[in-house]
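Report on the structure given below.
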Amino acid sequence: MDSPAKKSQEFALISIDLDRFKHLNDTLGHLAGDEILKGVAVRLSQFQNNQCLLYRIGGDEFSILLLNTNRQAASRFVSKVFHLFSQSFYFNSQEYFISPSIGVSMYPLDGKDAEMLIKNADEALFQVKERGKAHYQFYRTDMKSVFTNVVTLETQLRKAMEKQELSLFYQPQVTVMNEKVKSFEALLRWKNKDFGYIPPSVFIPLAEDTGLIISIGYWVIEQACGQIKRWNEKGYSDIRVAVNISPKQFQQSNLVPFIEWAIKNYQISPASLEIEITEGAMSDTSETIPILNKLKRLGISIAVDDFGTGYSSLSYLKQFPIDGLKIDQSFIRDILTDEKDAAITTTIIHLGKSLGLEVIAEGVENQQQKDLLLKAGCHKIQGYYYSKPIPENELESLFLMPQ
Ligand code: C2E
Ligand code: MG
Ligand code: MG
């Protein structure tokens, strides 16, 4: 992009990306996606004039060059862009709300050439996506911290599987009553040769956005089944490993056949595998119930992850064939000081128990939290108090006992 601005004039490069657009495309189809994109383009072009140049970069990405401006004026402009999205879009008389995430870089402060400005606006945009989307951010030099740019990270993530940079760590789930450990959660780890360990909070959202989560997810299921088999062969038989299933993967029609294949291929008992799904993934009940029923018929167990943070109605607890609830960390964190968190936690425990579900508290870090959960009748505890997620060999020596 050649800048039409004179060298001395300040201008803003505004990078816009629509939130969850891929999800919309995947669920409604490309026709709907295209119509909505056209609607977005029409709205954005209202701003088009000789000081404001709009470009479609590709897919759901747009850029705006705002000439002769400064930070304050650019941020007022971005507020106007958000305002455009406050009204819904329509496709087939259905109403859809779309939010944008926006990253901004300023010439000349954040870059003296097009390449640098684009890279830095994208970096700011990436941070917005990371921190919950639907807002905007100006580029800051300290954003360079871990990754030089998102594209590099995406390329690296694509290669991570072949380069065997991914692995699973396991975190024990301790039965509160007797301190026995028979179940574990498998958590994905990515160790890159240049960047070191990259936290799941950084690469899982990226994998979700790019669709890479699907192949990664199948890899995780297969690894976990292979691990269960190896542990069975070592004489640890009565165990269960939980894997996280992303919402996107949950909607794949080959998820159930794949799990069925993995169980047969590794000759493991289906009862030794659990899948964790978030409430959000299960919000569309017409599709969810048949999938869950098929999974249930395989004999695996199903837990609701991060319970209490989603927006589903409680009635799904009655309708869905689920086996367990995992109380989200955010409730456990302040359970000792915040009466409301304590009340929510004990209520979830009662609710889960009266529905015959296994209740696991996540993120337990100290004895006082554990004591409170024991008193409230919580079945299992997962958290740093007992152990961080650790590699398989450490887990074997610390927590597994042949039966
Ligand atoms: P999650 O499934 O809710 O996993 C629990 C997270 O809490 C893990 O973070 C774990 O390390 C952390 N944790 C456990 N105990 C404590 C504690 O006492 N204190 C604190 N502060 N944290 C604790 P991790 O491994 O960074 O994973 C973050 C999230 O990334 C997971 O949340 C899950 O949503 C996602 N994730 C991890 N592995 C996979 C995977 O294989 N597939 C998919 N789709 N998502 C995954
Ligand atoms: Mg989980
Ligand atoms: Mg969780």
Side-chain angles (χ1 to χ4, degrees), residues 23 130 157 160-161 165-174 181 183-191 197-227 240-252 255 258-259 262 273-282 301-310 322-336 345 348 358-370 372-373 378 380-391 394-395:
H23 174 75
E130 260 278 277
L157 184 57
M161 255 189 300
E165 292 181 346
L166 298 181
S167 63
L168 291 182
F169 274 27
Y170 298 86
Q171 189 176 31
Q173 300 174 332
V174 183
V181 183
S183 56
F184 315 91
E185 177 174 6
L187 291 154
L188 192 56
R189 292 294 177 262
W190 176 18
K191 191 175 182 192
Y197 274 110
I198 298 163
S201 56
V202 170
F203 74 84
I204 298 275
L206 180 69
E208 295 258 357
D209 277 354
T210 53
L212 277 171
I213 194 68
I214 293 168
S215 45
I216 293 177
Y218 288 135
W219 181 88
V220 169
I221 295 168
E222 194 173 348
Q223 290 296 307
C225 291
Q227 183 63 73
R240 190 183 72 202
V241 173
V243 294
N244 292 282
I245 302 286
S246 97
K248 208 167 229 179
Q249 184 157 36
F250 187 69
Q251 288 155 6
Q252 297 292 308
L255 175 68
F258 185 86
I259 295 180
L273 185 67
E274 179 167 77
I275 57 164
E276 293 188 7
I277 313 168
T278 52
E279 288 165 281
M282 302 193 293
S301 97
I302 302 167
V304 183
D305 202 358
D306 307 338
F307 184 76
T309 59
I322 50 180
D323 304 279
L325 298 181
K326 299 192 72 179
I327 309 175
D328 191 63
Q329 270 188 41
S330 57
F331 300 116
I332 307 296
R333 194 177 303 126
D334 299 321
I335 198 181
L336 300 169
T345 303
I348 297 175
E358 179 179 86
V359 184
I360 302 182
E362 291 195 279
V364 178
E365 295 187 347
N366 57 51
Q367 165 125 33
Q368 291 91 319
Q369 290 171 328
K370 182 206 122 176
L372 196 151
L373 290 159
C378 188
K380 287 183 178 173
I381 277 178
Q382 187 183 331
Y384 296 171
Y385 175 59
Y386 286 106
S387 170
K388 290 196 167 184
I390 47 179
E394 266 179 59
L395 190 102

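Both ligands and their constituent atoms are indexed starting at 1 by order of listing. FYI, side chains are in, hydrogens and waters are out, and symmetry mates aren't considered; it's all heavy atoms of this structure.
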* Ser246: numbered ligand 1 atoms lying under 4.0 Å from its heavy atoms -> 44 (N)
* Asked: Looking at Val364, which atoms of ligand 1 are within less than 4.0 Å of one of its heavy atoms?
  -> 18 (O)
* Kindly assign one of parallel, tilted or perpendicular to the pair Phe258 and Tyr218, based on the angle between their ring planes and the thresholds 30° and 60°. => tilted
* Hey, which atoms in ligand 1 end up nearer than 4.0 Å to a heavy atom of Gln171? -> 14 (C), 15 (N)
* Residue Glu362 atom name (nearest to the Mg ion (ligand 3); N/O/S) -> OE1
* To do: Give the atoms of ligand 1, by number and element, whose distance to some non-hydrogen atom of Val220 is under 4.0 Å.
  => 41 (O)
* Asked: Out of the N/O/S atoms in Asp305, what is the name of the one closest to the Mg ion (ligand 3)?
  -> OD1
* **Residue Glu365 vicinity, atoms of ligand 1 by number, heavy atom under 4.0 Å** => 17 (C), 18 (O), 19 (N), 20 (C), 21 (N)
* Asked: Is there a donor-acceptor pair closer than 3.5 Å between any side-chain N or O of Gln223 and the backbone N or O of Trp219?
  -> no
* Structure fact -> Any heavy atom of Asp305 under 4.0 Å from ligand 1? The part involved is side chain
* **Geometry at the Mg ion (ligand 2) - Glu185 OE2 versus Asn244 OD1 angle, rounded to 10 degrees** => 90°
* Considering only N, O or S atoms, which atom of Glu276 is nearest to the Mg ion (ligand 2)? -> OE1
* Should Leu168 be counted as touching ligand 1, given the test is an N or O pair under 3.5 Å? -> no
* Asked: Which ligand 1 atoms, with their elements, are less than 4.0 angstrom from a heavy-atom of Pro389?
  -> 11 (O)
* How does Lys326 reach ligand 1, if at all, at less than 4.0 Å between non-hydrogen atoms: by side chain, backbone, both, or neither? -> neither
* To do: State whether Asp306 contributes an N/O/S atom found under 2.8 Å from the Mg ion (ligand 3).
  => yes
* From Ser167, Pro200, Pro389, residue fulfilling side chain to side chain contact (heavy atoms under 4.5 Å, CB included) relative to Leu187 -> Pro389
* Using a strict cut-off of 4.0 Å, indicate which atoms of ligand 1 neighbour a heavy atom of Asp306. => 3 (O)
